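Below: the structure, in structure tokens.
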Number of protein chains: 2
Amino acid sequence: MTKGRVTVIDIAKAAGVSKSTVSLVLQGSSLVNEATRTKVNAVMRELGYVYNRGAANLRQSGSKSKIIGVVVNDLTNGFFAELAVGVDMVVQSAGFVQFLSNTSESPDRQREVIASMREHGISGLILSPARGTEASDLKPIVASGIPVVVAVRNVPGAKVSSIASDNREGVFAAVQHLVSLGHRRIAFLGGFRDTAVFNERLEGYRAAVAACRVEQDDDLIVDAAPSRAGGAEAIGRALSISNKPTAAVCFNDAVAFGVCDGLRAKGIEPGRDFSIVGFDDVIEARTAVPALTTISVDPQGMGRRAAQLLLKQISAGKAEAETIVSSVRLVVRDSCGASGVPVGREQA
Amino acid sequence: MTKGRVTVIDIAKAAGVSKSTVSLVLQGSSLVNEATRTKVNAVMRELGYVYNRGAANLRQSGSKSKIIGVVVNDLTNGFFAELAVGVDMVVQSAGFVQFLSNTSESPDRQREVIASMREHGISGLILSPARGTEASDLKPIVASGIPVVVAVRNVPGAKVSSIASDNREGVFAAVQHLVSLGHRRIAFLGGFRDTAVFNERLEGYRAAVAACRVEQDDDLIVDAAPSRAGGAEAIGRALSISNKPTAAVCFNDAVAFGVCDGLRAKGIEPGRDFSIVGFDDVIEARTAVPALTTISVDPQGMGRRAAQLLLKQISAGKAEAETIVSSVRLVVRDSCGASGVPVGREQA
DNA sequence: TTGCAAATTTGGAACGTTCCAATTATCAAG
DNA sequence: CTTGATAATTGGAACGTTCCAAATTTGCAA
């Protein structure tokens with residue numbers, strides 16, 4: 001015994017029924033008599049049967065493999081890890097399993113990984129694309145009819161569903177908050193002008209500046225690398241103009257930290273002498289000094305919604321490409337010197 | 001066209017050869033003529049062929065599915081995310097793909113996930129077990145002959161390979177460091193007493209206390225949840241005794257952060273008035289204030305080694321259960337007020 | 001009993017690959 | 001122009017499931 005794996009035929013023999021009946025039991029069909037069902041189940045347990053999904057898949061025309069692929073650009077980054085966990089939650093409870101891979105921001109690796117997943121017959125893909133992903137990278141998988149949901153960043157020309165945070169609204173709220181604290185000259189710092197995310201956020205800034213009737217001045221908009229170093233550079237340039245800003249909303253939290261560095265280097269204490277708002281609410285935002293006021297985007301929730309959308313598309317055969325914007329919320333901490341202001345302070 | 005998926009037979013027809021030949025090409029066999037090989041490859045590209053690993057697997061006796069399963073107790077925790085990334089690196093470059101799932105510390109979910117992976121025919125499993133995992137949970141998969149490597153925590157009675165960090169040695173070094181700074185009453189804070197990891201670390205603490213001839217007092221050992229909240233609670237209890245400690249080594253970094261919170265709440269400044277050492281070296285340890293002195297365990301390296309071990313066992317058919325202890329290193333930062341001490345400071 | 005519908009069960013024929021044994025093409029030497 | 005050997009190719013027969021159409025059993029009224 002124990003020579004080969006136990007198959008549905010072994011079960012059938014041992015239970016004195018046909019393989020078809022066993023298959024029916026496996027699928028929980030209502031066509032099978034209660035007595036035989038229990039009998040078959042007992043035998044399966046006894047022989048230590050394990051279902052061979054590969055074989056099943058082969059027969060069923062592919063689409064229902066119960067595997068969904070998740071490809072993430074940087075799992076090391078808490079943001080994306082949370083995203084993956086969110087996806088896993090809903091995917092798992094829908095009886096699917098998750099194929100998760102990390103691309104480390106390499107489009108090449110991303111291509112390989114996606115190809116490999118395709119070979120394994122995934123029935124859907126959630127992708128948080130590596131920087132530099134082109135629409136052509138997604139072409140083959142989209143063409144094959146496998147539902148794809150792109151999360152967080154979107155891929156310019158690709159005809160796929162996507163879910164991203166509400167960049168416009170987030171920055172709008174940030175500016176509004178700063179205005180409510182009395183600021184009139186507010187800078188927008190960091191980020192590359194040629195990215196979609198930058199433009200959405202900038203648009204939010206412009207809209208808020210207009211809506212709040214505070215000073216409008218293109219010198220207050222300083223682009224720079226979306227990194228800590230970029231932040232330091234940006235604040236330097238922003239403070240070199242004659243009519244200086246007193247507050248800034250930053251492209252993301254990394255930039256915000258860089259801005260803090262840059263301010264301190266000039267003897268200006270962030271949070272007390274200058275107000276700063278970030279974007280993303282990365283883990284360090286909470287523990288940094290001063291704790292960073294920022295726009296929180298709930299990556300896990302985003303993951304869950306991405307998964308739900310994907311599952312919907314899978315079961316629907318194939319729906320239209322759909323775009324979800326995930327709402328964000330302002331988390332007030334200490335970097336605006338705003339301790340104690342009457343604006344929904346962070347709970348706990 | 002585009003009716004069903006493109007199969008090896010379609011390729012064969014289009015290229016004017018037999019399916020067997022196409023299969024040979026697929027496997028890179030040297031038996032096939034160079035001209036036909038290029039021809040076949042060209043046709044494959046043209047028709048957009050994608051390999052069906054499921055079908056291949058079915059024929060090949062199972063063991064070489066090119067999938068390895070990775071099950072992690074908490075992907076949200078940077079430590080385990082890094083571990084998974086480490087695994088992914090070597091697994092991917094060996095041409096395997098990774099099935100990654102998160103159990104959120106639930107043994108039930110863990111069981112389900114492992115069962116599901118088995119159905120998908122994984123050829124090996126790396127498991128960072130959920131709290132409360134029993135040897136019996138691993139019984140079936142081990143019995144089926146699938147190589148399993150348990151990482152980080154080990155499962156008591158299970159006959160599997162494992163890789164864990166050198167807990168004893170790490171805490172020993174931490175205590176030694178504190179002693180070298182002049183501390184005589186050093187607490188050991190946090191962690192659940194009924195876990196193997198706790199006991200290994202505690203053992204390191206005891207050994208160091210004995211070796212350094214500093215005060216030995218069981219009141220200095222305070223167990224608590226291995227979390228930030230647990231740390232705050234533990235330091236509270238540790239400071240309620242008459243002869244108070246002046247330093248603490250903590251079960252892990254989360255506890256250490258909680259200890260900082262607890263100290264500040266009492267007006268004691270961590271790093272200046274009280275020395276703290278953590279364990280794990282999570283990402284925030286570097287950026288926290290004060291930056292945390294801790295025991296670094298290189299989770300990514302551990303993941304890589306775990307994967308290497310697993311791959312070795314997979315190709316070896318099945319080797320003996322092997323145990324690796326992964327060495328650790330003390331990273332001195334600011335939480336011991338030790339800036340400038342002559343103990344190998346963190347580089348860069 | 002008989003008949004008939006509903007409830008169960010059942011043999012194949014797929015699914016897309018790999019492997020084996022066997023066939024055919026190629027070519028150098030006799 | 002055989003012969004043999006070597007190189008290259010090729011038809012099935014698996015692999016473990018699902019699905020279909022058909023067969024069998026059952027229940028029950030006539």
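Computed from a predicted model, the values in this text were never measured in an experiment. In the text below, chain A, chain B and the rest are named by the order of the sequence lines, each starting its count at 1.
- To the nearest angstrom, C1' of D:dT9 lies 16 Å from NZ of B:Lys39.
- For A:Arg153, the salt bridge (charged side-chain N to carboxylate O under 4.0 Å, His left out) partners two or more places apart in sequence, or in a different chain, are A:Glu105.
- Side-chain atoms of B:Asn57 and B:Ser65 form no donor-acceptor pair, as typed in the model, at a separation below 3.5 Å.
- Residues passing the side-chain hydrogen bond (donor to acceptor under 3.5 Å, both in side chains) test with A:Glu46, sequence neighbours excluded: none.
- In this entry the distance linking CZ of B:Arg5 with C1' of C:dA14 reads 15 Å, nearest Å.
- The stretch residues 74-102 of chain B participates, sequence neighbours left out, in no salt bridge (Lys or Arg N to Asp or Glu O under 4.0 Å) pair at all.
- The base of D:dT18 sits with one of its N or O atoms less than 3.5 Å from a complementary donor or acceptor on the side chain of A:Arg59.
- Comparing the local axis fitted to the first five base pairs of the helix from C:dT1-D:dA30 to C:dG30-D:dC1 with the one fitted to its last five gives a bend of 60°, rounded to 10°.
- Taking a 4.0 Å limit (strictly below) on heavy-atom distances, residues 12-38 of chain B reaches DNA chain D at B:Val17, B:Ser18, B:Lys19, B:Ser20, B:Thr21, B:Leu24, B:Leu31, B:Val32, B:Asn33, B:Thr36.
- Separating the CG atom of B:Asn57 from the P atom of D:dG16 is a distance of 12 Å, rounded to the nearest angstrom.
- Among the nucleotides C:dT18, C:dT17, D:dC15, the one closest to the side chain of B:Leu58 is D:dC15.
- In terms of the side chain to side chain contact (heavy atoms under 4.5 Å, CB included) criterion, B:Ala115 has no residue partners (sequence neighbours excluded).
- We find that B:Glu119 and A:Lys66 are not joined by a salt bridge, their nearest charged nitrogen and carboxylate oxygen being 4.0 Å or further apart.
- B:Gln110 meets the side-chain hydrogen bond (donor to acceptor under 3.5 Å, both in side chains) test with B:Thr133; sequence neighbours excluded.
- Annotation: side-chain hydrogen bond (donor to acceptor under 3.5 Å, both in side chains) contacts of A:Glu134 (sequence neighbours excluded): none.
- Scanning residues 44-55 of chain B for heavy-atom distances under 4.0 Å to DNA chain D yields an empty list.
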Cut-off 3.5 Å, no hydrogens considered: what does the side-chain donor-acceptor table look like for residues 13-20 of chain B, sequence neighbours left out?
| unit_1 | atom_1 | unit_2 | atom_2 | d |
| --- | --- | --- | --- | --- |
| B:Ser18 | OG | B:Ser20 | N | 3.3 |
| B:Ser18 | OG | B:Thr21 | N | 3.3 |
| B:Ser18 | OG | B:Thr21 | OG1 | 3.3 |

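- Judged as a ring-ring contact (aromatic ring centres under 6.0 Å, His included), and not counting sequence neighbours, the contacts of A:Phe99 are A:His120, B:Phe99.
- Under the salt bridge (charged side-chain N to carboxylate O under 4.0 Å, His left out) criterion, B:Asp137 pairs with B:Arg111, not counting sequence neighbours.
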